[in-house]
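Inspection log for the structure reproduced underneath, given as structure tokens.
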Amino acid sequence: DFYLFDEPENIWRKFGGPTFNDTEFVPGKGYAIVFDSDGSCVFTGTTGTKLNTGIINMDLTRTAGSGSEGFNLVGNPYPSPFSNADFVTANSSSIEGTLYYWSQKPDWDNREDNYSYWNVVGTVGNGLQSPDDYTAVGQAFMVTALADNTPLTFSNSMRATGDPVYLKEYTAFPRLWLCVTDKDYRYNETLIAFLEGATLGFDNAYDARKLNEGGLLISTWCQEETDLGLAIQSLPPIGYEPLTITIDFSAQVAGLHEIKLKHLDNWDPVVSIILEDRETGKFYDLLEESECSVTIMEPGNYNDRFLIHFNASIDSDKTYVEEDVLIYSFDSDIYVKYLKHGLLQGELEIYNVLGQLIHQERILQSD
């Protein structure tokens, strides 16, 4: 099967479907080839046809309410790799700064996230592959248009020769990757970075939208656009003030899940990284224990269960469980959570280290 992507209609159009009947490849346009099993597909060129070179232009669409607003499938038109950074810089007035690559896993069941992400902040992979700083010959990818009928340009100045080298100019700022796996070994990851020029809102050059393919997903909510999930979230340089980021988490199956601090770049060890599970009241110091196990009772979306706290401190000695009541402290707050269904009734009394009663109140908590 041979497809192109129709952004205004938010559908994949199949060749000869008869949903599209182009008889020639359009330079710069992306296509998808799908096989049920291993095989080959033969395309015959025209005698005397020259390889693509020079300026290649195409128009992108952005259709409000389409369900894929602004996402266009484009492709490398040249017989050589090109620099992603040069491509994004040249088209900065036309597209957001993230390139989205489909990188399908074996035995894909249409419920897993198979996209990998690239922008100048870093890359987010799918557990098998991660893009580098170049786009290969014949590779298609998604870009997001900033406006309808906006031009996209490819030029020879973007092209690279020889074997592309993975560049590392963009690693001089703090970054961390969080990943999650489930009992069936599905995998997903997200990136948080702190750098000059980033804001708390969505930054075209630095942030990447999470493409939700269903299944196991981990991303973060944009600080200022709280309904926008991000695969890459870039924030202003982190100092020593507390900062909290909400995690968007979706599980495909029930059972044990492992959330892990996969990698750190340029991290000040004084800046703590604390994962909070609001359902259980547990805190995990990811600099001390990079991996933690959480239990998901049923598949679904848990868009505010997990938080990441920076520059916060916890003391595991201050977490107690007595008769199905969980009591723990975080910063200057004390939390009391009843772990069973039904009513919790009683008196809450808080004493300081001198044994003086400093707070007292009656508790009546429903389910």
Side-chain angles (χ1 to χ4, degrees), residues 176 178 180 192 200 218-229 233 235 238-251 254-261 269-367:
L176 67 96
L178 289 175
V180 62
I192 304 170
L200 298 180
I218 187 169
S219 58
T220 59
W221 290 114
C222 180
Q223 291 291 90
E224 289 189 348
E225 300 178 46
T226 53
D227 60 346
L228 177 59
Q233 178 159 190
L235 297 164
I238 189 168
Y240 300 104
E241 294 298 319
L243 172 68
T244 296
I245 297 176
T246 303
I247 292 176
D248 186 18
F249 182 88
S250 293
L256 200 64
H257 289 64
E258 300 287 344
I259 299 178
K260 183 177 181 180
L261 179 61
V270 174
V271 178
S272 62
I273 308 172
I274 307 297
L275 174 69
E276 178 185 359
D277 184 344
R278 300 176 71 185
E279 183 170 302
T280 63
K282 292 184 178 179
F283 295 85
Y284 304 88
D285 186 340
L286 295 183
L287 294 181
E288 295 293 332
E289 46 180 335
S290 62
E291 187 172 302
C292 54
S293 300
V294 298
T295 300
I296 302 299
M297 299 306 296
E298 59 184 38
N301 181 253
Y302 297 82
N303 57 18
D304 62 355
R305 172 173 169 174
F306 300 101
L307 303 175
I308 289 287
H309 302 284
F310 299 95
N311 290 314
S313 61
I314 62 172
D315 185 345
S316 59
D317 293 336
K318 295 181 181 178
T319 301
Y320 309 94
V321 178
E322 293 290 345
E323 297 180 354
D324 302 314
V325 177
L326 176 67
I327 304 172
Y328 61 96
S329 64
F330 181 73
D331 285 343
S332 58
D333 297 319
I334 295 175
Y335 298 84
V336 179
K337 184 178 180 66
Y338 189 42
L339 302 180
K340 287 189 172 182
H341 294 293
L343 297 178
L344 173 64
Q345 301 183 55
E347 291 284 341
L348 173 65
E349 297 179 348
I350 301 175
Y351 296 83
N352 64 18
V353 293
L354 299 177
Q356 299 167 323
L357 180 64
I358 59 174
H359 182 78
Q360 183 178 28
E361 67 177 85
R362 176 74 176 168
I363 293 179
L364 178 60
Q365 177 184 311
S366 60
D367 290 346

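Counting from 1, the numbers follow the sequence of the chain as shown. Note: hydrogens, waters and symmetry copies are ignored here, and every other heavy atom, side chains too, is used.
In this structure, Ser219 has no side chain to side chain donor-acceptor pair (under 3.5 Å) partners at least two apart in sequence or on a different chain. Partners of Glu361 according to the side chain to side chain contact (heavy atoms under 4.5 Å, CB included) rule, which considers only residues two or more places apart in sequence or in another chain, are Leu348, His359. In this structure, the side chain to side chain donor-acceptor pair (under 3.5 Å) partners of Ser250, at least two apart in sequence or on a different chain, are Asn301. Checked against ring-ring contact (aromatic ring centres under 6.0 Å, His included), Phe306 has the following partners two or more places apart in sequence or in another chain: Phe249. Listed by chain and number, the residues in a side chain to side chain contact (heavy atoms under 4.5 Å, CB included) with Glu291 are Glu258, Lys260 (sequence neighbours excluded). In this structure, the side chain to side chain contact (heavy atoms under 4.5 Å, CB included) partners of Thr295, at least two apart in sequence or on a different chain, are Leu256, Met297. Qualifying side chain to side chain donor-acceptor pair (under 3.5 Å) partners for Glu241, counting only residues two or more places apart in sequence or in other chains: none. Residues forming a side chain to side chain contact (heavy atoms under 4.5 Å, CB included) with Glu224 (at least two apart in sequence, or on another chain): Leu200.
Nearest heavy atoms, Ile296 versus Ala251: CG2-CB, 3.8 Å. Smallest separation of non-hydrogen atoms from Ser272 and Ala312: OG-O, 2.6 Å. When all heavy atoms of Ile218 and Ile259 are compared, the pair lying nearest together is CD1-CG2, 4.5 Å. When all heavy atoms of Phe310 and Leu176 are compared, the pair lying nearest together is CE2-CD2, 3.5 Å. Across every non-hydrogen atom of Thr246 and Asn303, the tightest pair is CG2-O, 3.5 Å.
The CD1 atom of Ile273 sits 8.5 Å away from atom CD1 of Ile192, with the distance rounded to the nearest 0.5 Å. Rounding to the nearest 0.5 angstrom, the gap separating the CG atom in Asp227 from the CH2 atom in Trp221 is 7.0 Å. To the nearest 0.5 Å, atoms CG (Leu275) and CG (Leu307) are separated by 8.5 Å. How far OH of Tyr284 is from OG of Ser293: 7.5 Å, rounded to the nearest 0.5 Å.
Between Ile308 and Thr220, the closest side-chain pair of non-hydrogen atoms is not below 4.5 Å. Annotation: side chain of Ile245 is in contact with side chain of Leu235 (closest heavy-atom distance under 4.5 Å).
Sorted by first then second residue, the salt bridge (Lys or Arg N to Asp or Glu O under 4.0 Å) pairs that include residues 295-310, not counting sequence neighbours, are Asp277-Arg305, Glu279-Arg305.
Although no hydrogens or angles enter the test, the distance criterion places no donor-acceptor pair under 3.5 Å between the side chain of Asn311 and the main chain of Leu243. In this structure a side-chain-to-backbone donor-acceptor pair under 3.5 Å is missing from Thr244 to His309.
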